[in-house]
Structure formats: C-alpha cells, structure tokens
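Hydrogens, waters and symmetry mates play no part in the numbers below; they use all other heavy atoms, side chains included.
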Amino acid sequence: MAGFEANFSSPVTSASAAFPYLAALSDDEAADRFFLEDLKLAGRELRGTLYSRKAFAKLAFRAAAALRTHGARPGDRTAHYFTDNRLEDICFRLGAALVGTVPVTINWQSDDVQRAASKVRRTRATLALVDEATPAEFAAAIRPVRAVDAARALAAAAPLAPEHFCGATTAGDDRFVIFTSGTTGEPKGVRLTYEAYDCNRRTFEAFLECAAEVHVDVVATNPLHHTNSTAMVDWACRRPRAALRLLQRYTTQYWGVVVAAACGLPWEDVKRFDGEATQRAVARRASLLAAEPHRVVCPLVARHVDFLESLCAEGTLPVDPAAFRSCVGGCGVVLLLGSAPVGPTTVQRLEKRCAQRPTVRFGSTETCLQVCGTPLDAPLAAFERGWAHAWRGEPCAGYYIGRAHAPHTEAKVVRSVDRASQEFLVACGEGEPGFIVARGRNVFAGYVGDDEATAAALEGGWYLNLGDVGYTLGGDLYWQSRDSAMLIKGGSNYSYEQINQELSEFLAAAYFGGDGGACAVAVVGLRLDSEHEDACCCTIELKTDLARSKRAEIEATFVARARHAVACKGARPDRVRFAALPRNFKGAVLVKELKAAAWD
C-alpha cells in the first residue's frame, strides 16, 4: 500500500477493520480522479464542487486530526447533528474510522432538541459535531459534552499523519450507532459493526453485479442520518473504483444529476447542456459501456417516483425527457427502491419514464440496510404474482422483494416470533403469510444500553423484530404489511396495505371514472365499538379540484357503497374522515398520527 503520500506508512494494516477505507483512499491509480461531487443548493440552483480521491483523503485526515484535537479517543462515540446532507458529515465519518471513534447519527428531520440531547446522553457521546443551522439551544442541552462546529474544526485542523491512525480496530467493533425511527416506540440506538458494513459491501457488489472492474457511482439524496444513505456512502468509501454524488437534499435537479452520473460527467457540465448535447453525451456513454463497465446506483423510495411522474407530466423535468429515458434505460443506471411497497403504479411509471423496472431492496436499520432484493431486470410477472396472490380464498396482495443474498444474508417466513408459541420460528408453507426473519453477518450487535431488548430481538442469530409480514412463492419473498399495520375483523387479520389498495380502487372506479390520482386513502383499525374487533377507520385525502368538489357526495355515500362493493371483509369501512395524509420523508403514511386523529 504505497499510496499517493510520500513515505506513506500507517498502523492500519490489512488486519485492521479500517483497512478497506485507507486502501481505497491510497489507490495511486485513482488519486487524482474525481471521487466526490458535493451538490449544494444556492437558492434554487444546485451547484457542484468536485473533489478528487486525493483531495477527499486530505479532508478525511483533517477530520481525524480534529477528532483527536477535541479529545475523542478510540472507542468514543461522537454525535453527528447536521441539518442536511453535508460534506463535513462524510469527512468526519471517514475520519472516525481512521482514529477508531464511533459516529452516532441524529435525525435532523424529526428530533427536537430534547430528543437529540437524549441520544447524546444515552450513547455517552463525548463530542457532538454540528453545523451553523443546528439549533443553538442544543449546545446548552448537552453540557458538559461540547458541541463543535464541524466546518470550522475541519478548516482549522492540519491533516493527521497516517502513523498516528488507530490500527487496532476489529471487525466486531462498532462502526456506527444509528437510531431507529421510533414509529413503534422510543427510538433505539442500533450498534452496527465493521463486519456488518463489510457484509453490506459484499452483498451489494453481488446483488448489483458490481465486479472488481466495474466503476460504481452512488447518487445519494436520502438523508445521511438514515441507515440507507449511511450504508451506501460507506460502500462508496470502501470501494476503490467508486464515485459519490452527495445532494444536500432532494430537489427536482436530482434527476439531472442521475443523467450526469450515467454520462460520467459533473453536474456543472450537464446542467448547461441543451437536449441535443444531452443526447450526444448519453449516446457516447452507452457506446462505451461494454468496454468501460459502470453502474450508477440511485437509492430511492417510491415517493421519489411520484415526484418524477409529476415533473414529466408537467413538462418540468430538468433534462430532456427523451435523453433521460434512454440514459436511465441504457447506461447502467439502477433505480434501487426500498422502505415502502413497490406496487403496480410505481412499476408502470418507471417503465414509461425510465425504460426499466425498479430493483427492489428490503431490510432495516438492525440488518445494516440489506436482507434481500430483486434481480436486475426482474420480469414483470414476478411483481404481478404477488399483486394477484390469494390465501384461503381471501385477497392477499404482496410486493415482490426478491431473495436473500447467499452466503451473506438469510431470510425466511415463520408462523410466530413469540418464544411462548409452539410455532415459534416454524417455517410457513408456500404462500402462507407469516413473519419475516433474517440472519447474517449484517445483523446488528445490540441496542445501546438495552441488553434486554437486544436479547428479545435475537435468537440463534436470527433477527426477530423486522416487524414485517410476508410470504414466499417459488422461492421468492413477498412483503405484505407491517405486523403492527393489521386490522382484526371477524377473527381474521387484514393488512392495512391490502385494505388501502382495495378501497383506493373502489374510490377511483365509483367516483372518478377510474382516475386513481384523484384521492388517496389510508385506514387504521381502532377498538371503538367492540372489545375484540377493530373498526375500519378511513382517512381520505382529496387531491384534485374535482375530488374536492365531490366531498359532500363521498361523505354521504362512501361507507354504505363501499361495504357492499368490496370483496375483502376487512375493507368494509366503518368511519370516514377527510384530511391530508401525514407522511414521513419516504412517503409512508404515519399510522400513529392517523390513530390519534378524532374519530367521531
């Protein structure tokens, strides 16, 4: 490992878990090649700054020095409380690997100051890294722990000499602590090890067919505090043949950045292209794909596809639509969807706008993001098989999530995850809904400060608490619902997703001539009139002027008409209200907030 630095020497040898990062940074061949494009908004314009691998390495060495200067020692935890995706966040994440400290992510989208401060205390973080927009009161709330402005600390530090790096990091040491969302209770700090992220890299390189000679370009727009972007960015930092495009946050210009990545060009160049120039760049890149294989990985959620559809329908896509379609469909782009069901509408939109079907991934924070995924160019029939599935005569629609990635990850569907049950970890039959469980080197090491919760979540290496219901068909996995998103009626369980789909189809057909975009519906089950059965409580969001004009009609007739029309017993509505559906950044409906609404 001669590296690009004169007389490069370091205690980080191949025996250290941090070695892959340093090996990637010190790749002579890539030292002066573009590695990172930092994309920030200046008003409404997205502007990019390029960093070579060598320039980025020096920033990471500065971050390592800053951590040491501010008292962080190997094994210490440092909280990252930024307010959007920042270059400094990535520099300090990599710097942490070089000096053996452990970043703790804070959710800037949903954590108030009190919750953010509680995460610092619960993890016993010795330092908090912040930016200029972090709430000022946070510093007072975490005393005596210091809040340090990351940009200023980075600018003030000289690069740490490699001989002062920490070479003692092992595969079992914590790499990150990432907090769960807390949608089902208090957020838990999930300890994810170097081994888990090594497994993550191997999984994605097999899953997405990224052999050693393939150049990988990751386009990251999801928040860095989330397990999704954390895993993807970590992969890019571990891989010598990789580049990273980091967007400050999602913007419509994201789709132009995807084209730039596919063409192997900076966004600053592509944003000045007209349609003809874009077409030429796309054609050139497509012609080189066989000789210079590359993969552009775009981690997304289904809601991003809704945004894309709106841009295309309104004629406001930031690049030429024809060039965009041919680029995404023919230049090695992978639209990697997770975190929410991928249904017929999403698949149809991607086929129409992007000339490809999505690649779907499935996992959780506790599984270091990835458990299973669909193959590249998965056949439409594989998706349709789940949408049309029935179990014991009842509709049982599911969403295709592929297979586990042997030998790196395992998954199966079982009848119970309750240790007191006689069917604990008993495998379900073909097509039978049950609980999805996972096992592999990717599974978390434990919850911070909660050994009891850790023990409850793990059994023989199997992670029990994914909280997802699904089934297998022909060896493929299908996701049906969250186990907490179930409605009980007539002694049977019905998934919210299943009910939402049926009621959405009914509303579109009964009131809007088949227009599925006029409204959205989400249900929750509440014990309002019975001790043992849920009432089906529907919230309808009216999204168009036509839909809003029909509110009185729907309010007066919906319950009675739907109860006679829907096939699924669980989908027969009992209550209805009209309101905007509360959603998180992924587009998933916030069930807890719906349950808390007034249901008169």
Side-chain angles (χ1 to χ4, degrees), residues 200 202-211 214 216 218-219 228 231-232 235 258 262 289 293-306 308-309 325-364 367 369-389 396-413 430-431 436 438 468-481 497 501 586-587:
N200 177 77
R202 295 172 189 273
T203 294
F204 274 107
E205 292 182 354
F207 167 37
L208 301 179
E209 300 177 11
C210 299
V214 176
V216 174
V218 175
V219 185
N228 183 311
M232 290 293 172
W235 176 29
V258 172
L289 198 58
H294 78 151
R295 188 78 72 204
V296 179
V297 181
C298 305
L300 297 169
V301 296
R303 197 177 192 188
H304 290 126
V305 182
D306 296 341
L308 173 63
E309 177 63 23
R325 189 175 192 275
S326 59
C327 174
V328 177
C331 288
V333 175
V334 178
L335 301 177
L336 186 62
L337 268 65
S339 302
V342 177
T345 299
T346 298
V347 172
Q348 290 164 9
R349 285 173 172 174
L350 288 177
E351 288 181 323
K352 178 181 179 181
R353 305 298 185 185
C354 303
Q356 66 164 273
R357 285 181 288 278
T359 301
V360 182
R361 51 145 297 271
F362 170 81
S364 72
T367 61
L369 183 65
Q370 190 66 10
V371 170
C372 58
T374 63
L376 300 176
D377 302 318
L380 180 61
F383 290 89
E384 292 176 330
R385 193 176 353 171
W387 302 336
H389 182 58
C396 191
Y399 302 90
Y400 184 39
I401 56 174
R403 300 187 179 196
H405 310 291
H408 309 299
T409 68
E410 296 179 71
K412 63 180 180 179
V413 180
E430 174 90 351
I436 302 173
D468 294 290
V469 174
Y471 48 82
T472 58
L473 295 173
D476 289 327
L477 271 165
Y478 290 81
W479 182 93
Q480 187 186 7
S481 70
E497 290 292 334
Q501 180 177 338
K586 306 174 193 175

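For the ring pair (Phe, Tyr, Trp, His ring centres under 6.0 Å) criterion with Y400, the lone passing option out of Y478, W387, F362 is Y478.
Partners of R325 according to the salt bridge (charged side-chain N to carboxylate O under 4.0 Å, His left out) rule, which considers only residues two or more places apart in sequence or in another chain, do not exist here. A search for ring-ring contact (aromatic ring centres under 6.0 Å, His included) contacts involving H405 returns F207, not counting sequence neighbours. For H294, the ring-ring contact (aromatic ring centres under 6.0 Å, His included) test picks out no residue, with sequence neighbours left out. A search for salt bridge (charged side-chain N to carboxylate O under 4.0 Å, His left out) contacts involving R361 returns nothing, not counting sequence neighbours. E205 pairs by the salt bridge (charged side-chain N to carboxylate O under 4.0 Å, His left out) definition with R201, R239, not counting sequence neighbours.
Distance CG/L308 to CZ/R353: 7.5 Å, rounded to 0.5 Å. The CG atom of L208 lies 6.0 Å from the CG atom of L336; values are rounded to the nearest 0.5 Å.
For the pair V333/C298, a side-chain contact is recorded, criterion being any heavy-atom separation below 4.5 Å from C-beta on. Within the 4.5 Å cutoff, the side chain of W235 has heavy atoms near those of the V216 side chain. Side-chain contact between T346 and L337: present, with at least one pair of heavy atoms (C-beta onward) separated by less than 4.5 Å. A heavy-atom distance below 4.5 Å is found between the side chains of D306 and R349. Proximity of L477 to R403: side-chain heavy atoms (C-beta onward) are nowhere separated by under 4.5 Å.
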Distance-only check: which donor-acceptor pairs under 3.5 Å involve side-chain atoms of residues 371-384, not counting sequence neighbours?
residue: T374; atom: OG1; partner: V360; partner atom: N; Å: 2.8

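Between C354 and L335, the shortest heavy-atom distance links the atoms SG-CD1, 3.8 Å. Across R295 and E209, no two heavy atoms sit closer than the pair NH2-O, 3.4 Å. For the residue pair S364 and T367, the shortest heavy atom distance occurs at N-OG1, 2.8 Å. Of all non-hydrogen atoms in A262 and C327, the two that sit nearest each other are CB-SG, 3.3 Å. Contact between L369 and N228 at its shortest, heavy atoms only, is CD1-CA, 3.6 Å. Taking each heavy atom of M232 and P299 in turn, the nearest pair found is CG-CG, 3.5 Å.
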Quiz prompt | side-chain contact (heavy atoms from CB on, under 4.5 Å) between Q370 and T409, worked out | solution = CA-CA 8 Å; Q370 190 66 10; T409 68; 5.7 Å; no
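Between the Q356 side chain and the L350 main chain, no donor and acceptor come within less than 3.5 Å of each other. The main-chain N or O of H389 is never found under 3.5 Å from a side-chain atom of Y471 such that the two would form a donor-acceptor pair.
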